[in-house]
Amino acid sequence: MSIGFSFSGRIDNADELIQNARNMAGELGYGLGVGDNGMRCVLCPMGGDLYFRWQSDGQGLRVEGDCQSTPAGPGFHKAAIEFTEKLMIMANAADFSLQDETDYYSHRDFNRMKQEHFYSWLDNIIDLCRRQHGEVSSLRLCWDMDSYCPEDVPDTIVTPMGRFTILEIEDIVSRQGIEAFADMFFLWNSPNADAAFYRNRAVNALWELCWFAPSSRSEYDKHINSGIVDDVERAYMLEPTLPLPVEEYMEICVLDGRTPIIPTDTPSLKYSFPVGFRKSPVSYEYGRLQITLPGKYQYEREEYENGGGTDLWWDASTDSPIWRINGYTINNGTADFTPHINGLNDLEDIEFRNGKARFGWTQFEEDGDICYQMQCQAVTGQSLFLITVTYTAAEQRAEITELLKKLTAAPEVNER
C-alpha cells in the first residue's frame, strides 16, 4: 500500500550518467551514493530515495530504477520524477519510459496528483487507524521496523513525524480538512523545497533521529543537532510567520553550542506529546529478545583483541551505565541458565512474554575505584542472552533492575 514510480531506458556510458547525477545532486542539496552497478539519490528523509541500476544488454547499458514516494510526500514524488527525467535526457537515453502510478508524469498537475493519490492514500491510512483503534496499545505507521521501537503509549499512533491519537487526527481533519493533517504527516507536501519542507525535515529529525545529547558527544549528535538548527533557521528566513518547533530549537541550540537567531515570539508548532521519541525509553530487537534502554543511549560494536566482540549501548556524555549484550543459540532442546549466574548478590528470577531471566549484581575495584556490575541471563526458546551492565553508583541499580524487568521476546516462528 504505497505510491511510487519506475522507469527504464538505454544509455551508452554509466560514467557520464554518474557525473551528471553528482552535479545535479550537488546543486539541489541531495545525497548521492554510487556502487558498481547502480546509485541511490537521497532527496529527503523518510524513504525519499531514488534508485538507479544498470547492466549491459549487448546493445549498451540498460538502466532501470524506481522509488517509493510515501510517506515522504507528493513534493518528493514530483522532485524525483523531474530529477529522473532531466538526468535521462542529459544521458541521451533511448527507449526511455516512466510508469507513474499517479499519472503526474503525463499531466504535470501537482494539485490533482496530491488530491487524487496522496490525500486518498492518507485517508486510507486514517481509516486503518480508526479501525484498529483500541485493538493495539500503540500503532506504528510508516516506521522502519529495523529501527528502535518508541515507548508504548496506549491509544497513540507513532509516525516519523510525531505521535498522535486517532481522536486528535479526526479533530484536525474535521475542523481544517485533510490538507492540515497532510502538512503534518508528509515531510514534503508542497511542490517545492519551501519553508514547510525545511521545517518538516527538522521536525522529523527531532522526533525520530535526535538523541538530545551534546554535539560534542559524537559525530552523529553533531550532524543531527546542527542539521536541525540549520533547517529551522532556513524555514524562518523563508517564511517568518510559519509555526516552528521553537522550544525544541532553543534546546538544540544549547546542545550544539549555537546562539539562537529566531525570536522567542515566533509562532510555535504545537504537539500533544513531548517532541522526541528518544526523550523516553526505547526498545531494540536483539534476535528474539527485545530490550528497553534510555533513549539517549547510542550503540557501539566493541571488538575484542582476540577476535569477536559484543554489542554495547551507553551515553558517552554522562557517567551512564554501560550495557553489553551477547546472544547464543543451542542446537537441540531449549536453552537454560548457566551456573555462572549463581552466587551474585540479590539474585532474582523473572518471567516475561516468551521467556525468563535471572539477574544479580556484584562489586569490583577498578583503578582504585569501587564499581558495580549487574549480570543477567535471559532465555527464550533455544536462545540464551548474556547481559552485563557496568555502573559506578549504587543508586543506578534500581533503574537498571526496572529496565531488565521490561525484557520481552518474540515467539518462535512455529509459535506464531
Picking from Tyr299, Trp143, Tyr286, what satisfies ring-ring contact (aromatic ring centres under 6.0 Å, His included) with Tyr148?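 One option only clears the test, and that one is Trp143.
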Identify every side-chain donor-acceptor pair in residues 221-229 under 3.5 Å, counting partners at least two apart or on other chains, and give the distances.
{"residue": "Asp221", "atom": "OD1", "partner": "Arg217", "partner atom": "NH2", "Å": "3.2"}
{"residue": "Asp221", "atom": "OD2", "partner": "Arg217", "partner atom": "NE", "Å": "2.8"}
{"residue": "Asp221", "atom": "OD2", "partner": "Arg217", "partner atom": "NH2", "Å": "3.4"}
{"residue": "Asp221", "atom": "OD2", "partner": "Ser218", "partner atom": "OG", "Å": "2.6"}
{"residue": "Asp221", "atom": "OD2", "partner": "Gln298", "partner atom": "NE2", "Å": "3.3"}
{"residue": "Lys222", "atom": "NZ", "partner": "Asp256", "partner atom": "OD1", "Å": "3.2"}
{"residue": "Asn225", "atom": "ND2", "partner": "Ala213", "partner atom": "O", "Å": "2.9"}
{"residue": "Asn225", "atom": "ND2", "partner": "Ser215", "partner atom": "OG", "Å": "3.1"}
{"residue": "Asn225", "atom": "ND2", "partner": "Asp221", "partner atom": "O", "Å": "3.3"}
{"residue": "Ser226", "atom": "OG", "partner": "Lys222", "partner atom": "O", "Å": "2.7"}
{"residue": "Ser226", "atom": "OG", "partner": "His223", "partner atom": "O", "Å": "3.4"}

Taking [X] first and then [Y], would you say they form a salt bridge - that is, a charged N and a carboxylate O separated by under 4.0 Å?
{"X": "Asp127", "Y": "Arg130", "result": "yes"}
{"X": "Glu233", "Y": "Arg258", "result": "yes"}
{"X": "Arg175", "Y": "Asp171", "result": "yes"}
{"X": "Arg397", "Y": "Glu395", "result": "no"}
{"X": "Arg278", "Y": "Glu208", "result": "no"}
{"X": "Arg201", "Y": "Asp231", "result": "yes"}
{"X": "Glu239", "Y": "Arg199", "result": "no"}

For [Y], does its backbone N or O pair with a side-chain atom of [X] as donor and acceptor, under 3.5 Å?
{"X": "Asn204", "Y": "Pro160", "value": "yes"}
{"X": "Thr165", "Y": "Glu168", "value": "yes"}
{"X": "Gln396", "Y": "Thr392", "value": "yes"}
{"X": "Ser280", "Y": "Phe277", "value": "no"}
{"X": "Thr70", "Y": "Ile3", "value": "yes"}

How long is the gap from CG on Leu141 to CD on Gln132, to the nearest 0.5 Å?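 It comes to 8.0 Å.
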Give a yes or no on this: more than 12 heavy atoms of other residues, nucleotides or ligands lie within 6.0 Å of atom OH of Tyr220.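 Counting neighbours around OH of Tyr220, 12 or fewer heavy atoms of other residues, nucleotides or ligands fall under 6.0 Å, so no.
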Are any of the side-chain heavy atoms of Asn200 and Trp188 separated by less than 4.5 Å? no
Side chains of Thr390 and Gln373: donor-acceptor distance under 3.5 Å anywhere? yes
